[in-house]
Amino acid sequence: MFESIKAVQLVSTYNPQSLEPEIQSRWQSQRAHSAENGEGERFYCLSMFPYPSGKLHMGHMRNYTICDVISRYQRMQGKKVLQPMGWDAFGLPAENAAMAHGVPPAKWTRDNIAHMRDQLKALGFAIDWDRELATCDPDYYRWNQWFFLRLLDRGVAYQKTGTVNWDPVDQTVLANEQVVDGRGWRTGALVEKREIPMYYLRITDYADELLAALDELEGWPDRVRVMQANWIGKSEGAAVVFQCGEHAIEVFTTRPDTLMGATFMAVAPEHPIATQAAEGRADIQAFIDECQQGGVSEADLASQEKRGIDTGLTATHPLTGDALPIFIANYVLMSYGSGAVMAVPAHDERDFEFARRYELAIVPVIERPNGEAYDATQWHDDYATKEGTLINSGRYDGLTCQQGFEAIVADLAKAGAGRAKTQFRLRDWGISRQRYWGCPIPIIHCPDCGAVPVPDEDLPVVLPEDLVPDGSGNPLKRCEAFLNTPCPRCGQPAQRETDTMDTFVDSSWYFLRYTCADNDQAMVDDNTNAWMPVDQYIGGIEHAILHLLYARFWTRLMRDEGLVDVAEPFAHLLTQGMVLAETYYRTDNAGRAQWFNPNDVDVSTDQKGRVVGATLKSDGQPVTPGGVEKMAKSKNNGVDPASLVGHYGADTVRLFSMFAAPPEQSLEWSDAGVEGAWRFLRRLWSGVAAHTEHHPDATTHATTHAPSSSDGQGEGLSRQAALDLRRQLHEAIQKVDDDFGRRYAFNTAIASLMALSNEIGRFEPETPQEVALVQECWLGLVQMIAPVTPHIAESLWQQLGQTGSVFAAGWPVCDEAALVKQAITVVVQVNGKVRDRIEVSPGLDQATLEDKAKQSDNVERFLSDKTIRKVIVVPDKLVNIVAQ
RNA sequence: GCCGGGGUGGCGGAACUGGUAGACGCGCCGGAUUCAAAAUCCGGUUCUGGAGACAGAGUGCGGGUUCGAUUCCCGCCCCCGGCACCA
């Protein structure tokens with residue numbers, strides 16, 4: 001026995017560096033991952049496609065491993081699986097790289113794609129590479145342009161002005177990301193808000209449908225549905241008209257019941273009333289100018305100090321006729337509603353703060369639900385109640401909020417000063433970007449004909465790929481060859497639109513294109529309807545709102561154009577968590593932190609394993625742990641998947657990333673944890689090797705299909721240890737099937753496979769039937785681990801005497817008969833505290849269980865001086881004796 | 001500021017429908033093997049007290065419901081994601 005194991009170790013060691021490429025080339029030559037394979041039901045398994053930033057990072061690796069495990073599991077269920085891959089290849093980072101290195105974005109992007117494609121292939125994902133696409137290819141983006149023209153025809157796409165960040169030094173539009181503390185990231189200049197003409201898509205026309213359909217998206221996480229619902233933000237309220245001289249100012253309020261408590265109005269700095277008020281008033285103009293500074297992002301606007309200025313103008317309250325002062329306020333957004341609000345400081349927290357600051361009247365018009373007096377010096381959350389009774393509201397006094405709402409809206413309507421109104425928070429989608437590296441908007445500007453659509457036969461409008469941006473505006477504006485073209489309508493010299501499309505346009509329909517990537521005649525075709533909707537979509541939670549909402553919207557636009565049947569593109573959604581790692585730093589003399597990669601740091605622990613210090617490997621001097629953070633360049637805590645794959649092989653890295661955390665939670669990277677995954681695979685390898693060496697005949701009765709109860713497995717077993725092992729195998733089959741197929745709890749599935757592996761290793765077969773059982777166990781284990789670690793599984797499958805691919809073998813079948821237990825453990829509690837555990841046969845009746853529980857010595861000890869009040873019996877589980 | 005999520009041993013996590021808190025892995029401690037080390041194998045490992053049997057405490061904090069709460073309810077604290085031009 002001892003010698004045979006020794007021999008096995010000599011002839012057979014786990015060497016993923018040679019094994020994995022060999023298995024991968026076999027898959028490739030057999031076209032194992034083509035979506036054409038398989039007879040069964042279709043299963044479309046999709047990952048959010050990567051931005052080709054340079055090299056694969058851990059977030060990609062995690063995303064695609066989850067997708068691959070699900071794809072391979074579904075394939076083992078006999079389904080015809082589509083798992084495609086592509087590149088979200090337009091975008092800002094390519095322009096930044098171009099500026100830094102003087103290389104055109106196109107070259108940088110395509111080089112990155114080539115490198116990252118190789119990295120993906122080394123990870124052994126079952127991707128159908130025949131369907132690969134990149135959004136920067138004219139073959140792809142021509143359909144963006146073609147469809148945009150359809151949207152223009154239908155009036156879904158239209159032009160209006162929008163606000164952008166303007167860097168006055170570089171004379172360029174900045175992305176929100178490029179505005180740091182209100183200043184341009186390169187120039188440090190104070191950023192200004194600037195209005196420019198842009199193209200928009202009428203997503204607001206679909207607001208109701210996009211909202212209502214969320215209820216039916218049962219395969220989506222609740223949190224994503226809630227976030228989207230709140231983003232769309234449907235609110236029922238009233239439009240109320242205030243007169244200001246000859247101007248009518250319309251505002252929207254969700255609380256018309258508080259109208260009698262309105263004591264002032266506030267308008268956005270860009271509002272026409274503000275512009276009017278600034279005439280001849282330098283102080284007001286100065287305030288407006290100040291508001292024009294800084295970035296346009298809502299986070300910046302909403303978190304800044306609430307400030308305002310009195311315009312000196314007043315508006316007439318539509319019901320009381322009172323003159324309300326009109327303020328310009330920096331917290332009122334021109335882009336939401338009408339850019340003006342009525343302020344009811346007594347019942348709105350922001351208005352309350354503003355009124356306190358500028359000493360404006362605060363008039364409570366709802367009684368506090370708790371009956372206490374209104375305290376105008378301090379905000380209390382119940383001031384925003386909708387459950388009170390109206391006061392100080394003239395003839396509305398005594399009404400409930402709901403009654404007041406209706407009565408006041410009715411009176412406003414009668415007076416022609418308002419009406420009930422539904423308002424959405426959602427705004428139309430601005431798709432114009434003043435950038436080079438994107439899909440050109442197919443418009444030609446003619447001095448006579450205006451904005452003329454490019455005729456379909458002239459598509460695609462091809463983006464020149466040799467330009468290098470320098471940070472000062474869009475290089476397309478200086479590219480004569482692109483710019484100048486005759487007007488398609490009148491033929492005289494005209495210029496192309498130089499704005500490109502938001503990259504969210506590219507990512508709003510790429511999943512449709514995978515189904516027909518080789519079709520050069522149409523955007524989508526019959527294959528699209530055959531594959532759609534996507535059965536399982538996997539990607540980062542950071543896309544919960546924008547990308548996923550735009551994709552839902554765009555799919556509806558294509559439905560309404562008659563191009564696809566479905567409205568909802570993604571039936572099931574899994575939002576994966578981020579990948580984190582420990583950070584280490586030192587602070588230099590200037591107080592700046594210098595960050596060190598975890599790979600370059602040694603950590604020391606005390607006798608109990610607690611971390612007591614960390615030192616830099618290169619100099620042995622201490623570094624400070626900075627906590628666990630998202631892997632990022634700025635904290636230098638990124639771990640490169642490619643180098644880990646080089647060291648341990650893909651299977652180890654895949655196994656660790658699926659084992660260390662459930663997919664929806666953040667995953668903390670740990671080199672020691674990767675070692676653990678590596679050890680497990682080596683034990684698995686040597687366990688199988690020992691079995692096949694020691695029992696070579698066990699593998700000669702090999703089957704080419706999954707073992708199941710109908711094969712007569714399990715017959716002839718009598719030893720309890722053998723029955724227990726077989727039960728553990730079949731419990732694992734049940735558990736892993738549920739974890740992979742329903743729960744997506746890959747971590748617990750792997751845990752039970754590790755436990756099963758430990759049990760097989762402990763078991764020493766004594767009869768030929770028991771050897772057959774061990775063979776059954778190894779086969780089942782290899783099949784079940786295959787979706788996670790496909791390379792080692794293919795190899796072990798063959799070593800166990802099976803022919804063909806483990807993925808063709810299907811999924812092991814649970815034998816219910818094997819699950820039956822002889823004895824179960826029942827917990828006995830006294831007053832809710834566990835005092836004993838008793839072994840009983842299953843299915844015992846309540847009275848017997850209760851008696852057995854009371855006979856326990858330890859239980860008697862706790863009951864000695866007490867009277868039993870009540871006994872709760874949960875059959876096969878627990879007895880709780882309540883005593884005093 | 002607004003919307004959403006999270007917080008359990010030294011660490012990652014498990015406990016799926018209110019019923020044994022800590023599966024599995026890492027780390028650490030002890031042992032075997034070794035001239036020695038690495039690797040490997042075996043045992044232990046929530047904390048406190050106890051030689052042990054066992055007892056007490058314990059799931060971010062404070063309260064509540066319940067025979068029983070990591071799980072449900074109320075109030076707080078901290079961390080993370082998104083906020084419409086990063087992708």
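Being a predicted model, the structure only gives us computed values, none of them experimental. In what follows, every chain begins at residue 1, and chains take the letters A, B, ... in the order their sequences are listed.
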Which part of the nucleic acid, if any, lies within contact of [X], taking any heavy atom under 4.0 Å across all strands shown: a base, the sugar-phosphate backbone alone, or nothing?
X: A:Arg742; value: base
X: A:His543; value: base
X: A:Asn758; value: sugar-phosphate
X: A:Lys630; value: nothing
X: A:Arg425; value: base
X: A:Ala544; value: nothing
X: A:Val164; value: base
X: A:Gln304; value: nothing
X: A:Val882; value: sugar-phosphate
X: A:Phe862; value: sugar-phosphate
X: A:Leu426; value: base
X: A:Pro50; value: nothing
X: A:Leu878; value: base
X: A:Thr503; value: sugar-phosphate

(request) Dot-bracket for RNA chain B, please, read 5' to 3', with Watson-Crick or G-U wobble pairs under 3.5 Å on both distances, ( ) within the strand, [ ] crossing, | other strand, . unpaired. (result) (((((((..(((......[....)))((((((.......))))))((((....))))..(((((..]....))))))))))))....
Closest to side chain of [X], choosing from [options]:
X: A:Arg835; options: B:G56, B:G82, B:G19; result: B:G56
X: A:Arg679; options: B:A55, B:G27, B:C24; result: B:G27
X: A:Pro93; options: B:A14, B:A55, B:A87; result: B:A87
X: A:Met227; options: B:G13, B:C3, B:G19; result: B:C3

(message) Go nucleotide by nucleotide along RNA chain B from the 5' end; which of A:Leu92 and A:Glu298 gets its closest nucleotide reached first?
(response)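 Whichever sits nearer the 5' end wins; that is A:Glu298.
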(message) If you assign A:Ile750 and A:Ala302 each to the RNA chain B nucleotide with the nearest heavy atom, which residue ends up on the more 5' nucleotide?
(response)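 Whichever sits nearer the 5' end wins; that is A:Ala302.
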(message) I want to check something: taking the side chain as every heavy atom from C-beta on, are A:Leu546 and A:Trp231 in contact at a cut-off of under 4.5 Å?
(response)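 The answer is yes, as the side chains (C-beta and beyond) meet within the 4.5 Å cut-off.
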(request) Look only at the side chain of A:Glu353 and the backbone of A:Arg350, and say whether a donor-acceptor pair between them is shorter than 3.5 Å. (result)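 Not at all, since once roles are kept as given, no pair shorter than 3.5 Å links the two residues.
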Quick test of your reading of the model: are [X] and [Y] salt-bridged, counting only N-O distances below 4.0 Å?
X: A:Lys735; Y: A:Asp738; value: no
X: A:Arg861; Y: A:Asp857; value: no
X: A:Asp170; Y: A:Arg186; value: yes
X: A:Glu305; Y: A:Arg357; value: yes

Could you measure between the two [atom1] atoms, the one in [N] and the one in [M], and give it in whole Å?
N: B:C47; M: B:G30; atom1: P; value: 16 Å
N: B:G58; M: B:G10; atom1: P; value: 15 Å
N: B:A21; M: B:G6; atom1: P; value: 24 Å
N: B:U17; M: B:G52; atom1: P; value: 39 Å
N: B:C83; M: B:A14; atom1: P; value: 28 Å

(message) Please tell me if A:Asn176 has a side-chain N or O lying less than 4.0 Å from either OP1 or OP2 of B:A84.
(response)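 Affirmative; the distance criterion is met.
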(request) Applying side-chain contact (heavy atoms from CB on, under 4.5 Å) between A:Pro662 and each of A:Asn747, A:Leu667, A:Asp739, A:Thr748, report the one that passes. (result)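 When side-chain contact (heavy atoms from CB on, under 4.5 Å) is applied between A:Pro662 and each of A:Asn747, A:Leu667, A:Asp739, A:Thr748, only A:Asn747 qualifies.
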(request) Please state whether the rings of A:Tyr331 and A:Phe354 are parallel, tilted or perpendicular, taking 30° and 60° as the class boundaries. (result)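 Perpendicular: the ring planes of A:Tyr331 and A:Phe354 meet at over 60°.
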(request) Tell me whether the guanidinium CZ or amine NZ of A:Lys160 lies under 6.0 angstrom from the six-membered ring centre of A:Tyr200 and within 45° of its axis. (result)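 So A:Lys160 does make the cation-pi contact.
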(message) Can you say whether a donor on the side chain of A:Asn230 sits under 3.5 Å from an acceptor on the base of B:C3, or the other way round?
(response)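 Side chain to base: no pair below 3.5 Å.
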